[in-house]
Amino acid sequence: MLKQNLQFKLSQKLSPQQIQLMKLIQLPTLAFEQRLKEELVENPALESGKDEVNDADEFQDNSNEFDDYDNEHIDTDDINIDDYLSDDEIPDYKLKSNNYSDDDDETFMPIEAQISFHQNLIEQLNTFILTDEERTIAEFLIGSMDDMGYIRRDIQDIVDDMAFTQGIYASEEQVKSILESIIHELEPSGVGARDLQECLLLQLHSKTPNESIDLAKDIIENQFEAFTKKHYDKLLQKYNVSQSQLRKAIDEIEKLNPKPGGSFSGSSRAVEHIIPDFTVKVDDGEIELHLNSRNAPELHVSKDYQEMLQTYKEANEKSSAQKDAVQFIKQKLDGAKWFIDAIKQRQETLFVTMSAIIEYQKDYFLEGEETKIRPMILKDIADMVGLDISTISRVANSKYVDTPYGTKLIKEFFSEAMTNDQGEEVSTIEIKKILQNIIADEDKQKPLPDDKLAEMLKEKGYPIARRTVAKYREQLDIPVARMRKKI
């Protein structure tokens, strides 16, 4: 039996231009600058810097005049428009971004040539007298380290790999000997360890022995589990020492680096440079918002490219090659005009969004007290400015604002609401701040468990469950009570 069903489906597709605009909005300042430079290089019809004529408007008004030539018959090629398209015709200054105010002048710092963490270790091998085979094994062990300086593979697996890939047939004992006598002697101390316990011991053995160091070695070697779980009473009983003696030994352990490779200054790690997208200043009770001028470049459509079209229009005879060239010119001009419009839309979107956030969180921006941050969700700001929630999210998740109270990621101003015992809605940020203050003031010899923290918050007017306290504590990167204990 056949059935016929009629279904209506409403769908919305974004144009390529809209997708590109969303991507531009999401870019932070540094990435936006890079995207701008790429566009200036890729599209010679787009230029930076001031221009006396509003080329974008001129292009908009006149570009359609050339559409009539699309269908005409072309007989000759007296005018070679290809000559206008030579990259040599474009001065270097037109491909550079010159959009900063004096306050935002970019400075270039000389960068020291650095070698990698692993290369540094290999160079240290030159201080040892080694046979070719021993050096090959040592280099293979260094290559087996992760960026933190650990060798996390079984020695037997390393032996097998050397046999298959290097043709070096060494015994497990030989590899262990080179690991312990050579690799473990390299700097920084602790590299080549197979676990945290061994890493800490290697660093302690490199220190000048004294009473505290000797006790620390014994604790790590024989009471490592009790130390990691902070069972200090058990350690005091085990070693029959005073609290002061134990504290000094633990202080020595806490000075050690659990990730020796990560501290190497020459290690190749990505460094994130934060350039605030906005600046907020408070002057005599008035809040001033400024968009970083790097987000507001001066761009215009190339006058030279428009003159090429004018030349084509005025020519009596046109070749097929010239027609193709004109299509290329028009495509580049269209792209340049769209990019300029997209930049303007990006500026407007950023500014109105941040303005709405400031208005919503006015008490915080005036006083700088985190407990003044109101509950605020993406929809609140989207409704204020008439934009889509996804657009607000793109701004909040990738933009920073420089305030008198520090540089903040905008999404930090968003939080859910909870109701206190007075029936008032308060921000979860406020509760987290109070929780953080309670933990900061606790007795570190007897840190407060989550249920006790929940009781104290309830006494202050914030009735939340123990599991919620645990969630907030984890979001604040605060460990459980046992791990906060100090002697």
Side-chain angles (χ1 to χ4, degrees), residues 112-228 249-271:
E112 179 187 0
Q114 297 178 337
I115 62 175
S116 70
F117 165 60
H118 293 82
Q119 186 61 40
N120 176 268
L121 296 179
I122 289 175
E123 289 190 1
Q124 290 183 49
L125 295 179
N126 295 329
T127 61
F128 295 84
I129 300 175
L130 304 172
T131 65
D132 290 344
E133 183 182 36
E134 288 173 337
R135 185 177 178 90
T136 300
I137 295 173
E139 290 183 356
F140 199 90
L141 286 169
I142 291 173
S144 299
M145 288 185 200
D146 60 22
D147 289 338
M148 295 299 103
Y150 286 87
I151 295 179
R152 303 187 187 275
R153 303 176 61 199
D154 290 338
I155 296 298
Q156 186 58 54
D157 291 339
I158 293 176
V159 170
D160 293 340
D161 270 1
M162 282 195 299
F164 282 114
T165 62
Q166 305 293 323
I168 300 295
Y169 298 94
S171 65
E172 189 172 345
E173 290 72 22
Q174 186 180 5
V175 173
K176 281 183 178 179
S177 175
I178 293 176
L179 174 64
E180 294 169 1
S181 63
I182 299 173
I183 302 301
H184 287 171
E185 295 298 320
L186 302 178
E187 294 293 336
S189 180
V191 295
R194 284 157 286 186
D195 54 38
L196 176 60
Q197 183 179 15
E198 185 176 36
C199 178
L200 298 179
L201 274 176
L202 288 172
Q203 294 178 64
L204 288 170
H205 283 305
S206 67
K207 291 180 174 291
T208 303
N210 59 40
E211 181 181 355
S212 298
I213 294 295
D214 292 341
L215 178 56
K217 290 178 187 176
D218 202 312
I219 291 173
I220 295 301
E221 189 167 9
N222 301 306
Q223 298 294 326
F224 186 67
E225 184 177 0
F227 165 74
T228 57
I250 292 174
D251 286 344
E252 292 292 344
I253 297 173
E254 291 179 345
K255 292 177 186 176
L256 306 177
N257 186 357
K259 300 176 181 179
S263 63
F264 180 70
S265 60
S267 58
S268 56
R269 290 172 292 169
V271 179

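In this text the structure is predicted, and so the values were computed from the model without any measurement. Residue numbers run from 1 in the order of the sequence given.
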Quick one: does V159's side chain get under 4.5 Å of I155's, heavy atoms only? yes
Once rounded to the nearest 0.5 Å, what's the spacing between atom CD of E252 and atom CD1 of I219? 11.0 Å
Mind checking the CD1-CG spacing from I151 to D195? Nearest 0.5 Å is all I need. 12.0 Å
Rounded to the nearest 0.5 Å, what's the gap from CD1 on I137 to CD1 on I158? Could you check? 11.0 Å
Is it the case that over 12 heavy atoms from other parts of the model lie below 6.0 angstrom from the CG atom of D132? no
For a quick test of reading the model, state the closest non-hydrogen atom pair linking I220 to Q197 and the distance between them. O-NE2, 2.7 Å
Side chains of D154 and R194, heavy atoms from C-beta outward: is any pair under 4.5 Å? no
For L200 and F224, work out which heavy atoms get closest and say how close. CD1-CE1, 4.1 Å
Do the side chains of F117 and P260 get nearer than 4.5 Å, heavy atoms only? no
Return yes if some donor-acceptor pair links the side-chain N/O of Q119 with the main-chain N/O of S116 below 3.5 Å, else return no. no
Search all heavy atoms of L130 against all heavy atoms of E134 and return the closest pair with its distance. CA-OE1, 3.5 Å
Where do E139 and L121 land on the side-chain contact (heavy atoms from CB on, under 4.5 Å) test, with the steps shown first? CA-CA 9 Å; E139 290 183 356; L121 296 179; over 6 Å; no
Let me check something: any side-chain donor-acceptor pairs from residues 167-185 under 3.5 Å, sequence neighbours excluded? List them with distances.
{"residue": "S171", "atom": "OG", "partner": "Q174", "partner atom": "N", "Å": "3.1"}
{"residue": "S181", "atom": "OG", "partner": "S177", "partner atom": "O", "Å": "2.6"}
{"residue": "H184", "atom": "NE2", "partner": "G192", "partner atom": "O", "Å": "3.0"}

Taking atom CD of E123 as the centre, does the number of heavy atoms from other residues, nucleotides or ligands within less than 6.0 Å exceed 12? yes
Could you tell me which non-hydrogen atom of Y150 sits nearest to which non-hydrogen atom of L196, and how far apart they are? OH-CD1, 3.6 Å
Which pairs would a plain distance check flag for residues 202-216, meaning a side-chain donor or acceptor within less than 3.5 Å of a matching protein atom at least two apart in sequence or in another chain?
{"residue": "Q203", "atom": "OE1", "partner": "N257", "partner atom": "N", "Å": "3.0"}
{"residue": "Q203", "atom": "NE2", "partner": "C199", "partner atom": "O", "Å": "3.4"}
{"residue": "Q203", "atom": "NE2", "partner": "N257", "partner atom": "O", "Å": "2.7"}
{"residue": "S206", "atom": "OG", "partner": "S189", "partner atom": "OG", "Å": "3.3"}
{"residue": "S206", "atom": "OG", "partner": "Q203", "partner atom": "O", "Å": "2.6"}
{"residue": "N210", "atom": "OD1", "partner": "S212", "partner atom": "N", "Å": "3.0"}
{"residue": "N210", "atom": "OD1", "partner": "I213", "partner atom": "N", "Å": "2.8"}
{"residue": "E211", "atom": "OE2", "partner": "Q245", "partner atom": "NE2", "Å": "2.7"}

So CD of E133 and CZ of R135: to nearest 0.5 Å the spacing works out to 14.0 Å
